[in-house]
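The figures that follow rest on heavy atoms only: side chains count, while hydrogens, waters and symmetry mates do not.
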Amino acid sequence: MTLDDLLIMDAELVPELIHCPLSDGFHWLRITAGHTPARFKGFVQFELSGYEYMYKDASMKDEIISEFSGSVKVVDWKNEM
């Protein structure tokens with residue numbers, strides 16, 4: 001693999017947002033680093049391994065998802081256990 005191959009792979013990367021409802025009013029969001037909508041950057045609680053993480057209420061979660069450009073996936077916490 002050459003550097004050019006790596007750059008092409010990165011260019012084809014589709015940003016991802018994974019949403020997991022933890023309770024009726026509490027939601028976990030994992031967003032590909034650098035792709036959190038600008039007005040929500042201040043709400044990122046930590047970054048790890050190329051992702052930005054947030055724990056938010058339902059209304060803010062909906063706002064973030066509506067402004068996110070990329071793939072959105074919902075994970076059901078109860079079925080993952």
Side-chain angles (χ1 to χ4, degrees):
M1 178 179 284
T2 67
L3 179 57
D4 287 337
D5 294 333
L6 184 60
L7 292 174
I8 290 168
M9 285 175 43
D10 283 347
E12 295 173 0
L13 173 71
V14 175
E16 177 182 65
L17 182 152
I18 295 178
H19 159 239
C20 182
L22 300 176
S23 69
D24 289 338
F26 196 60
H27 301 265
W28 172 83
L29 301 171
R30 183 184 90 168
I31 301 174
T32 304
H35 295 278
T36 298
R39 74 181 184 112
F40 299 104
K41 281 296 224 181
F43 296 105
V44 172
Q45 282 142 326
F46 66 95
E47 295 182 36
L48 181 66
S49 301
Y51 293 95
E52 298 171 340
Y53 294 85
M54 292 182 262
Y55 298 91
K56 296 292 155 216
D57 64 32
S59 64
M60 183 170 282
K61 175 259 318 170
D62 291 340
E63 289 181 53
I64 293 168
I65 289 174
S66 73
E67 293 187 25
F68 178 73
S69 296
S71 171
V72 176
K73 179 180 177 184
V74 177
V75 175
D76 185 353
W77 179 259
K78 295 172 188 163
N79 290 336
E80 295 296 317
M81 305 266 326

With hydrophobic residues grouped by side-chain heavy-atom distances under 4.5 Å, do [X] and [Y] end up in a single group?
X     : Y     : result
Ile31 : Val75 : no
Leu22 : Phe46 : yes
Val44 : Leu17 : yes
Val74 : Trp28 : no

Can you measure from [atom1] ([X]) to [atom2] ([Y]) and round to the nearest 0.5 angstrom?
X     : Y     : atom1 : atom2 : result
Leu29 : Ile65 : CG    : CD1   : 6.0 Å
Tyr53 : Ile18 : OH    : CD1   : 8.0 Å
His27 : His19 : NE2   : NE2   : 4.5 Å

Item checked: side-chain contact (heavy atoms from CB on, under 4.5 Å) evaluation trace for Glu67 with Arg39 -> CA-CA 10 Å; Glu67 293 187 25; Arg39 74 181 184 112; 2.8 Å; yes
Notebook entry, point to check: At their closest point, which heavy atom of Met60 faces which heavy atom of Phe40, and how far apart are they?
Noted result: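 Minimum heavy-atom contact is CG-CE2, 4.2 Å.
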Checklist line | Minimum heavy-atom distance between Ile64 and Met54, given as atom pair plus value | finding: CD1-SD, 3.9 Å
Checklist line | Residues Glu63, Lys56: salt bridge by 4.0 Å N-O rule | finding: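 So Glu63 does not pair with Lys56 through a salt bridge.
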Next item on the list: Evaluate the criterion side-chain contact (heavy atoms from CB on, under 4.5 Å) for residue pair Tyr51 and Thr32; output intermediate values, then yes/no.
Entry: CA-CA 5 Å; Tyr51 293 95; Thr32 304; 4.0 Å; yes
Note to self: Tell me which one of His35, Gln45, Lys41, Arg30 satisfies side chain to side chain donor-acceptor pair (under 3.5 Å) with Glu52.
What the structure shows: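 Going through His35, Gln45, Lys41, Arg30 one by one, the side chain to side chain donor-acceptor pair (under 3.5 Å) with Glu52 is satisfied by Lys41 alone.
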